[in-house]
**Q** 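Once you've had a glance at the structure underneath, I'll fire off some questions.
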Amino acid sequence: AAGGKPDTSMHPGRDFNMGAPVLGAPVDWEQAIKNLEPVPETFSQQRERILSNIKSMKEMMADAPEEEKSTFAAGIEAEVKFLQKLNEEEETEGADASAPVKDIEAA
């Protein structure tokens, strides 16, 4: 710096450098692509989303004109059916109900 003064940019407040980060290729392309896939929702997360949808539709239905209430009722009915289907899927996919529950306190 000339005269003991720090260098200043010709555009104050816009300090930058010309360097760019260089990313190397991933070692495992299949894993890199798999990392981009959406994470599937758990049964609990799906249930929370469905119940939130039902709640918001009920709130909108309360303020809706009469001719739109049937549409909200149909939407609520569809969400309830999906919730029942989700419960059935969880029961079939879940652990056997007759199996003893492991006591984590005793372990």
**Q** What residues form a salt bridge (charged side-chain N to carboxylate O under 4.0 Å, His left out) with K69, not counting sequence neighbours?
**A** E66

**Q** Measuring from N53:CG to E79:CD, what's the distance to the nearest 0.5 Å?
**A** 4.5 Å

**Q** Got a list of side-chain donor-acceptor pairs under 3.5 Å for residues 82-89, not counting sequence neighbours?
**A**
from : atom 1 : to  : atom 2 : distance (Å)
N87  : OD1    : R47 : NE     : 3.3
N87  : OD1    : R47 : NH2    : 3.0
N87  : ND2    : L83 : O      : 3.4

**Q** Got a sec, which residues hit salt bridge (charged side-chain N to carboxylate O under 4.0 Å, His left out) with E77, two or more places apart in sequence or on another chain?
**A** K81

**Q** K55: which residues meet the side chain to side chain contact (heavy atoms under 4.5 Å, CB included) condition with it, sequence neighbours left out?
**A** E59

**Q** Under a single-linkage rule joining Ile, Leu, Val, Met, Phe, Trp and Tyr whose side-chain heavy atoms are separated by less than 4.5 Å, which residues share a cluster with I33?
**A** none

**Q** Any side-chain heavy-atom pair from F43 and E93 closer than 4.5 angstrom?
**A** yes

**Q** Excluding sequence neighbours, so at least two apart, what forms side chain to side chain contact (heavy atoms under 4.5 Å, CB included) with P65?
**A** E67, E68

**Q** Under 4.5 Å between side-chain heavy atoms, chaining through other members, with only Ile, Leu, Val, Met, Phe, Trp and Tyr counted: pull out the rest of the cluster around V39, sorted by chain and number.
**A** none

**Q** Who are the side chain to side chain contact (heavy atoms under 4.5 Å, CB included) partners of T42, not counting sequence neighbours?
**A** S44, Q45

**Q** Residues in side-chain hydrogen bond (donor to acceptor under 3.5 Å, both in side chains) with N35, at least two apart?
**A** Q31

**Q** According to the salt bridge (Lys or Arg N to Asp or Glu O under 4.0 Å) rule, which pairs have a member within residues 31-44, sequence neighbours left out?
**A** E41-R49

